[in-house]
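Ligands are counted one by one from 1 in listed order, and the atoms in each one are counted from 1 as well. If you read the sequence from its start, that first residue is 1, and numbering goes on from there. Remember, predicted model here, so these are calculated numbers, not experimental data.
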Amino acid sequence: MSSEKQVRRRGLMLVISSPSGAGKTTLSRRLMQEFPDVTLSVSATTRDPRPGEVDGRDYQFRTLAEFRDMIAADAFLEWAKVFDRYYGTPRADTVALLEQGKDVIFDVDWQGADALHDEMPNDVVSVFVLPPSIAALRERLAAREGMNAEGVERRMRDARAEIRHWRRYDYCIVNDDLTTAYDKLRRILLVERQKRLRQRHLDAHVRDLLDESGAAGS
Ligand code: ADP
Ligand code: 5GP
């Protein structure tokens, strides 16, 4: 096998959005458990670490000055200000992971999904996760640890705004039965990995096929 055939496939950017509580974290975790090449994007943020959070694993914790320098250097694929804190997706980290053949999951809202698609249109595969019903969404939110009634109601209001953007996504999964929903997500990953643009090793393979068939024909 020629060394060019060792070229890895290019990873893809799996952008997953949903109203809070519809199940994107659960589905993403399963995907990472099953597929070692799937990893989660680590955002940079100016907020303080919460107990148990580790720099570089949960977030890259940055000062405001550092974050502003990164914005000025165009070091983010997208960034946003949420509740007076900044959050952003570091460009170089994503590109390096894709080059290594890793698929990178992004847990972002519709605006983040739009921005990532604008920056990396050939790499982004976007999936929107819908709840089976409003009652189920409310139940899942209420069952969450540390969630009070006010938090549930705020997320229920935000859910309407998020759901309205479902048409922007490449794929849409209704997360009713978890096993069925997960099966749909894993099949999206598997088929998207076969896109010609992502299979760079095929350039060399096809060249070899043509060389071989040309030699055989001459
Ligand atoms: P999100 O990341 O979209 O906010 P989570 O993945 O944290 O949502 O899921 C919210 C809650 O709903 C969790 O307690 C999770 O275990 C539960 N959940 C997720 N998918 C299902 C499902 N298909 N059926 C029942 N409960 C689910
Ligand atoms: P938290 O501080 O609770 O971890 O996150 C607060 C909010 O910031 C969440 O809504 C989360 O989705 C959002 N967020 C986290 N990282 C990023 C990012 O890289 N880009 C954008 N646009 N939002 C992010």
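- A heavy-atom distance below 4.5 Å is found between the side chains of R9 and D37.
- Among all non-hydrogen protein atoms, the one lying nearest atom 8 (O) of ligand 1 is G23 N, 3.1 Å.
- Distance check: D170 CG to I188 CD1 gives 9.0 Å after rounding to the nearest 0.5 Å.
- Distances shorter than 4.0 angstrom do not occur between any heavy atom of A143 and any atom of ligand 1.
- Atom 20 (N) of ligand 1 has as its closest protein heavy atom N175 ND2, 3.0 Å.
- Evaluated for a side chain to side chain donor-acceptor pair (under 3.5 Å) with Y171, the options R187, K184, E192 yield exactly one hit, E192.
- Which parts of ligand 2 touch A80 is read off a 4.0 Å heavy-atom cut-off, strictly below it: atoms 22 (N).
- Using modelled atom types, one finds a donor on one side chain and an acceptor on the other under 3.5 Å when comparing S17 with Y169.
- With a 4.0 Å heavy-atom cut-off, ligand 1 is reached by the backbone of D176 but not by any atom from C-beta on.
- Each of the atoms 18 (C), 19 (O) of ligand 2 lies under 4.0 Å from some heavy atom of G88.
- Of all the heavy atoms of R85, none lies under 4.0 Å from any atom of ligand 2, so neither backbone nor side chain is involved.
- Across the listed options R140, R155, R30, R140 owns the non-hydrogen atom lying nearest to atom 21 (C) of ligand 1.
- Residue-ligand proximity, R144 to ligand 1, at heavy-atom distances under 4.0 Å covers atoms 1 (P), 4 (O), 7 (O), 8 (O).
- Contact annotation: the side chain of T26 approaches that of L178 to within less than 4.5 Å [non-hydrogen atoms, C-beta and beyond].
- Within the listing of ligand 1, atoms 4 (O) sit less than 4.0 angstrom from a heavy atom of S20.
- Between W79 and Y87, the distance separating the two ring centers is not shorter than 6.0 angstrom.
- Shown in contact with T89 at under 4.0 Å from a heavy atom are these atoms of ligand 2, numbered in order with element: 19 (O).
- Side-chain atoms of D93 and Q60 form a donor-acceptor pair, as typed in the model, at a separation below 3.5 Å.
- For Y59, every heavy-atom contact with ligand 2 shorter than 4.0 Å involves the side chain, none the backbone.
- Under the 4.0 angstrom criterion, atom 17 (C) of ligand 2 counts as having a protein heavy-atom contact.
- Judged purely by atom type and a 3.5 angstrom limit, E66 uses its side chain to pair as donor or acceptor with the backbone of T63.
- Closest to atom 23 (N) of ligand 2 among all protein heavy atoms lies Y87 CB, 4.0 Å.
- The side-chain heavy atoms of T94 and T89, taken from C-beta on, include a pair separated by under 4.5 Å.
- Look at R50 and you'll find a heavy atom under 4.0 Å from some atom of ligand 2.
- Inter-residue side-chain proximity for F128 and P19 is flagged as met; some heavy-atom pair is nearer than 4.5 Å.
- For ligand 2, the polar-atom distance check against R47 finds a nitrogen or oxygen pair separated by under 3.5 Å.
- The shortest distance between side-chain heavy atoms of M120 and V95 falls below 4.5 Å.
- Of the protein's heavy atoms, T25 OG1, 2.3 Å lies nearest to atom 2 (O) of ligand 1.
- Looking only at heavy atoms of the protein, atom 10 (C) of ligand 1 is closest to G21 O, 3.5 Å.
- Remark: atom 11 (C) of ligand 2 lies closer than 4.0 Å to no protein heavy atom.
- Using a 4.5 Å heavy-atom threshold, the side chains of D103 and F35 count as separate.
- Comparing heavy-atom distances from atom 5 (P) of ligand 1 across I16, T26, V129, L137 singles out T26 as nearest.
- Counting heavy atoms from C-beta on, the side chains of L14 and V104 never come closer than 4.5 Å.
- Residue, atom and distance of the protein heavy atom nearest to atom 19 (O) of ligand 2 are S43 OG, 2.6 Å.
- Of all atoms in ligand 1, numbered sequentially from 1 with element shown, those under 4.0 Å from a heavy atom of A22 are 3 (O), 8 (O).
- More than 12 heavy atoms of other residues, nucleotides or ligands shown are found within 6.0 angstrom of CG on N148.
- Given atom 22 (N) of ligand 2, the protein heavy atom at minimum distance is E78 OE1, 2.8 Å.
- Set against the non-hydrogen atoms of S18, the atoms of ligand 1 under 4.0 Å away are 3 (O).
- Counting only heavy atoms from C-beta outward, the side chains of F76 and R91 never approach each other to under 4.5 Å.
- For atom 8 (O) of ligand 2, the protein comes within 4.0 Å by at least one heavy atom.
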